[in-house]
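Here the structure comes first, spelled out in structure tokens, and everything after it is commentary.
Quick note on labels: first sequence line is chain A, next is B, and so on, each numbered from 1. Fair warning: this is a prediction, and the values are worked out from it, not measured in the lab.
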There are 2 protein chains.
Amino acid sequence: MAKYDSTLSDCFTALGDPTRRRILERLARGEASVSELAAPHDMSLPSFMGHLTRLEAAGLITTRKQGRSRLCALAPEAFAPATDWLATQRSLWEGRLDRLDSYVTTLMKDRSS
Amino acid sequence: MAKYDSTLSDCFTALGDPTRRRILERLARGEASVSELAAPHDMSLPSFMGHLTRLEAAGLITTRKQGRSRLCALAPEAFAPATDWLATQRSLWEGRLDRLDSYVTTLMKDRSS
DNA sequence: ATCATACTTAGCCATGCGCCTAAGTATTGG
DNA sequence: CCAATACTTAGGCGCATGGCTAAGTATGAT
């Protein structure tokens, strides 16, 4: 794994925007066109497209052109790096807790002997 | 849950920077002072402090002043919103897959009858 | 052929981010 | 008391982000 993981950075920063999270939440329920996705967002279309572009650049969605519409779909496997990083981080933390715990246990045993 | 969840946004955008992720990885192994944390990062101290400030603002770390040092510690519970959002998103997606699956199963049953 | 729809491109603006240097404050060791 | 250490504050620079309007292109409907 690279020290500077741009995939991970792009993924997390893409998730850092509420508009983009709402788009992903919507797409979890299935494919949709740009205008369907944009409808509930009080925002100009070009601005909205910017968010889609960033999601696609981060690999979190895929898009394809069908007629004059562009259909967007979730790329759920793209969440794995983020999920994995958080899981690793958590196990590191819990591992540290465990060692602390066993250390305290050792101390207590020593004291009681 | 708020529609515009700034906690979640702050958390994800904080995780979007490789320097900040490395700080968190280091802190998973235990408390450290600012200069200990900064040592492996080829960066001016004010710049580095900016990252710590953002991590603290996002609630991912806590800091306290001890003498002329500032000690930093991980706030592991602060990862929960991010982890939860990802888990929810995943279950939404998998739920959709399940429904698709049972739909296909239904179709196949219909066809075989 | 014409018109409406659905993006798409171009360009502008304000704010924030990530980096820097220089200078200040607060503690501690001698 | 004095100097060194460990931040901290102030201010500046360039670029990216997130928003806009206006105008263009491609496709579908009449």
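- Residues A:L52 and A:T63 have side chains not in contact (no heavy-atom distance under 4.5 Å, counting atoms from C-beta outward).
- When the shell of 6.0 Å around CZ of A:R70 is examined, it contains more than 12 heavy atoms from other residues, nucleotides or ligands.
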Nucleotide-resolved protein contact map, nucleotides 19-30 of chain C, B/S/- at heavy-atom distance under 4.0 Å: BBBB----BS--

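- Listed pair A:R70 / C:dA6 fails the phosphate criterion, with no side-chain N or O lying under 4.0 Å from OP1 or OP2.
- The aromatic rings of B:W85 and A:F79 lie tilted to each other, with the angle between the two planes from 30° to 60°.
- The CZ atom of B:R54 sits 8 Å away from the C1' atom of C:dG16 (whole-angstrom rounding).
- Atom pair A:D10:CG and D:dA16:P shows a separation of 13 Å (rounding to whole Å applied).
- Here the closest heavy-atom approach between residue A:R22 and residue A:P40 is recorded as NH2-O, 3.6 Å.
- A close approach under 4.0 Å does not occur between any side-chain nitrogen or oxygen of A:S69 and OP1 or OP2 of D:dT27.
- Atom pair A:R64:CZ and C:dT8:P shows a separation of 14 Å (rounding to whole Å applied).
- Residue A:S35 places at least one side-chain N or O under 4.0 Å from the OP1 or OP2 atom of C:dC7.
- Atoms CG (B:L52) and P (C:dC17) sit 15 Å apart, rounded to a whole Å.
- Residue B:R20 places at least one side-chain N or O under 4.0 Å from the OP1 or OP2 atom of C:dG18.
- B:R20 contributes a side-chain N or O that, together with a main-chain N or O of B:T13, makes up a donor-acceptor pair within less than 3.5 Å.
- Around the CZ atom of B:R26, the shell of radius 6.0 Å holds more than 12 heavy atoms that belong to other residues, nucleotides or ligands.
- Residue A:E36 contributes atom CD, which lies 14 Å from atom C1' of C:dT5 at whole-angstrom precision.
- Within the 3.5 Å criterion, the main-chain N or O of B:L92 finds no donor-acceptor partner in the side chain of A:R29.
- Put simply, CD1 on B:I23 is 11 Å from P on C:dG18, counting in whole angstrom units.
- When rounded to the nearest whole Å, the span between CG of A:L55 and C1' of D:dT17 equals 14 Å.
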